[in-house]
Amino acid sequence: MTTLRASAEANALRHPKFVLYWLAVGCASFAVQIMSVAVGWQIYDITRDPLDLGYVGLAQFLPALLLVLVTGLAADRFNRRFIMAACLLLEAVCALGLVMFTLSEPSVVTPVFGILVVLGVARAFLNPASDALAPNLVPREAIAHAISLTTLIWQTATIAGPVAGGLLYGLGGEVAYGMALALVISAAGLVLAIGRVPQSASTSEETTLGSLFAGFAFIRRQKIVLGAISLDLFAVLLGGAVALLPVYARDILDVGPWGLGLLRSAPGVGAVAMALVLARRGIRDRAGVILFVCVAVFGFFTLVFGLSTSVPLSIAALILMGATDMVSVYIRETLLQLWTPDEVRGRVNAVNRVFIGASNELGEFRAGVVARLIGTVGAVAMGGAGTMAVAFLWSRWFPELRTARRLDGRS
């Protein structure tokens with residue numbers, strides 16, 4: 001009887017507050033994907049300048065980087081649920097602004113970048129609060145399952161959201177932004193419906209330089225957390241091949257625009273499939289070894305993709321890259337939430353979010369620069385080999401992470 005009760009407690013979907021949170025994350029994630037696709041199409045339609053597309057990502061990433069000390073402290077000092085709801089409502093204002101911008105039949109895009117900066121500020125505060133809130137909604141034994149479910153719905157939005165955004169934009173930019181507006185308002189309502197949530201954050205803590213940098217200090221002290229975050233940073237930095245997929249589609253695999261769509265969706269398909277497996281089975285032992293093996297395998301299949309001239313082999317390699325990356329994300333995020341005390345969880349998650357954003361953005365930049373110097377195939381293949389080397393080196397430099405067995409740190 002005790003075993004059955006423990007098994008039920010470990011199922012995150014048995015906890016109504018988490019279900020509301022999970023649905024809110026799904027709505028918000030779909031809204032972001034729809035807006036991202038619509039903004040990209042709209043800006044390029046108006047300016048025909050690819051550089052403006054780069055500014056779209058930069059406008060949304062820089063606020064998280066510049067405000068990292070403030071956003072994490074806010075998530076630890078104030079009510080995380082209210083921060084989430086307020087940020088989602090601010091995103092709704094941004095979506096409404098994009099609707100009004102579209103209806104004005106614009107010829108310049110300057111207002112869009114202003115809206116994107118505000119959207120970036122909203123997400124800079126939203127993400128640490130959201131990441132830190134999830135462990136407050138379920139018992140400790142259900143945190144790993146909660147993370148797998150949250151990652152699953154995010155990955156699903158990453159795959160289906162751009163498709164929905166493209167179809168909606170075909171009906172009109174205002175239609176796409178209107179749907180995003182409805183989704184973020186729904187997400188805010190779901191978050192408010194969660195109700196009161198216990199939180200260890202202290203509003204009496206004095207704001208000092210030490211409290212601002214508490215997230216960085218904690219990560220530096222905890223070798224398991226430092227190893228997991230830095231492993232992901234350098235693995236993605238070196239192994240990112242997504243930025244160069246258009247080159248493969250046009251010049252190497254010769255599959256055209258439809259093939260590019262297949263290539264871009266393949267990692268997501270692998271990630272969602274693996275997320276379903278993890279949500280059902282989880283990882284019960286040898287988490288550290290599995291983490292390093294999956295990062296090395298991710299690098300190997302990046303190398304395979306880089307050298308491949310076969311479309312089926314390339315798609316298979318991308319699917320396996322997505323699946324193995326999903327495992328490393330699951331382990332890293334679970335370790336991060338379980339090893340981090342609640343009173344600094346917001347600040348640690350803010351740092352983690354910046355690391356993730358930096359690895360993705362810098363990874364695309366690295367891929368482009370190296371491709372210019374040695375060619376596209378060499379850039380991707382070298383990145384895959386580099387990722388395998390990182391997995392080997394980190395397994396030696398962070399033995400605490402390598403020998404971690406259970407994700408909660410218990411032997």
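On a predicted model such as this, the values are computed, not experimentally measured, just so you know.
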Does any part of the side chain of [Y], heavy atoms only, come nearer than 4.5 Å to the side chain of [X], both counted from C-beta?
{"X": "Val329", "Y": "Asp325", "answer": "yes"}
{"X": "Asn136", "Y": "Lys17", "answer": "no"}
{"X": "Val39", "Y": "Leu98", "answer": "yes"}
{"X": "Val108", "Y": "Ile46", "answer": "no"}
{"X": "Arg332", "Y": "Asn352", "answer": "yes"}
{"X": "Val327", "Y": "Met274", "answer": "yes"}
{"X": "Thr376", "Y": "Asp251", "answer": "no"}
{"X": "Arg123", "Y": "Leu126", "answer": "yes"}

Problem - Candidate pair Phe101 and Tyr177, rule ring pair (Phe, Tyr, Trp, His ring centres under 6.0 Å), full reasoning - result: CA-CA 10 Å; Phe101 172 79; Tyr177 297 133; 8.3 Å; no
Counting only pairs under 3.5 Å, give me each side-chain donor-acceptor contact of residues 161-174, with atom names and distances, residues two or more places apart or in other chains.
unit_1, atom_1, unit_2, atom_2, d
Tyr169, OH, Asp45, OD2, 3.4

Practice task
Could you go through the side-chain contact (heavy atoms from CB on, under 4.5 Å) check for Val272 and Leu152 one step at a time?
Solution key: CA-CA 6 Å; Val272 167; Leu152 170 62; 3.8 Å; yes
Problem - Result of checking Val117, Leu119, Leu181, Val121 against Cys94 for side chain to side chain contact (heavy atoms under 4.5 Å, CB included) - result: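 Exactly one option meets the side chain to side chain contact (heavy atoms under 4.5 Å, CB included) with Cys94, and it is Leu119.
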For the student: nearest non-hydrogen atoms of [X] and [Y], plus distance:
{"X": "Thr71", "Y": "Ala350", "answer": "OG1-CB, 3.8 Å"}
{"X": "Gly306", "Y": "Val380", "answer": "CA-CG1, 3.5 Å"}
{"X": "Arg80", "Y": "Gly346", "answer": "NH2-N, 4.1 Å"}
{"X": "Val25", "Y": "Ser130", "answer": "CG2-OG, 4.2 Å"}
{"X": "Pro135", "Y": "Arg345", "answer": "CB-NH1, 3.5 Å"}
{"X": "Ala391", "Y": "Phe292", "answer": "O-CD2, 3.4 Å"}

Do side-chain atoms of [X] reach the backbone of [Y] as a donor and acceptor pair under 3.5 angstrom?
{"X": "Arg347", "Y": "Leu69", "value": "no"}
{"X": "Arg81", "Y": "Leu133", "value": "no"}
{"X": "His15", "Y": "Val138", "value": "no"}

Exercise for the section: Please work out whether the ring planes of Tyr21 and Phe18 are parallel, tilted or perpendicular, with thresholds of 30° and 60°. Expected result: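 The arrangement is tilted - the two ring planes meet at 30° to 60°.
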What's the spacing between [X] [atom1] and [Y] [atom2] if we round to 0.5 Å?
{"X": "Ile315", "Y": "Leu263", "atom1": "CD1", "atom2": "CG", "answer": "5.5 Å"}
{"X": "Thr302", "Y": "Leu318", "atom1": "OG1", "atom2": "CG", "answer": "8.5 Å"}
{"X": "Ile185", "Y": "Leu190", "atom1": "CD1", "atom2": "CG", "answer": "12.0 Å"}
{"X": "Leu231", "Y": "Thr387", "atom1": "CG", "atom2": "OG1", "answer": "9.5 Å"}
{"X": "Arg286", "Y": "Leu291", "atom1": "CZ", "atom2": "CG", "answer": "14.5 Å"}
{"X": "Asn79", "Y": "Met84", "atom1": "CG", "atom2": "CE", "answer": "11.0 Å"}

Practice task
Give a yes or no on this: more than 12 heavy atoms of other residues, nucleotides or ligands lie within 6.0 Å of atom CE of Met382.
Solution key: yes
Handout entry: Partners passing side chain to side chain contact (heavy atoms under 4.5 Å, CB included) against Leu66 (at least two apart in sequence or in another chain)
Key =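 With sequence neighbours excluded, Leu66 shows a side chain to side chain contact (heavy atoms under 4.5 Å, CB included) to no residue whatsoever.
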Problem - Criterion side-chain contact (heavy atoms from CB on, under 4.5 Å) on Trp22 and Thr150, from CA distance to verdict - result: CA-CA 6 Å; Trp22 186 61; Thr150 303; 4.3 Å; yes
Problem - Side chains of Gln42 and Thr102, donor plus acceptor under 3.5 Å - result: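 A pair is found: one side chain offers a donor N or O, the other an acceptor, under 3.5 Å apart.
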Exercise for the section: Tell me, with the steps shown, if Val304 and Met321 meet side-chain contact (heavy atoms from CB on, under 4.5 Å). Expected result: CA-CA 10 Å; Val304 170; Met321 286 166 59; over 6 Å; no
Practice task
Output, in order, the C-alpha distance, side-chain angles, deciding distance and verdict of side-chain contact (heavy atoms from CB on, under 4.5 Å) for Ile153 and Leu149.
Solution key: CA-CA 6 Å; Ile153 202 166; Leu149 290 172; over 6 Å; no
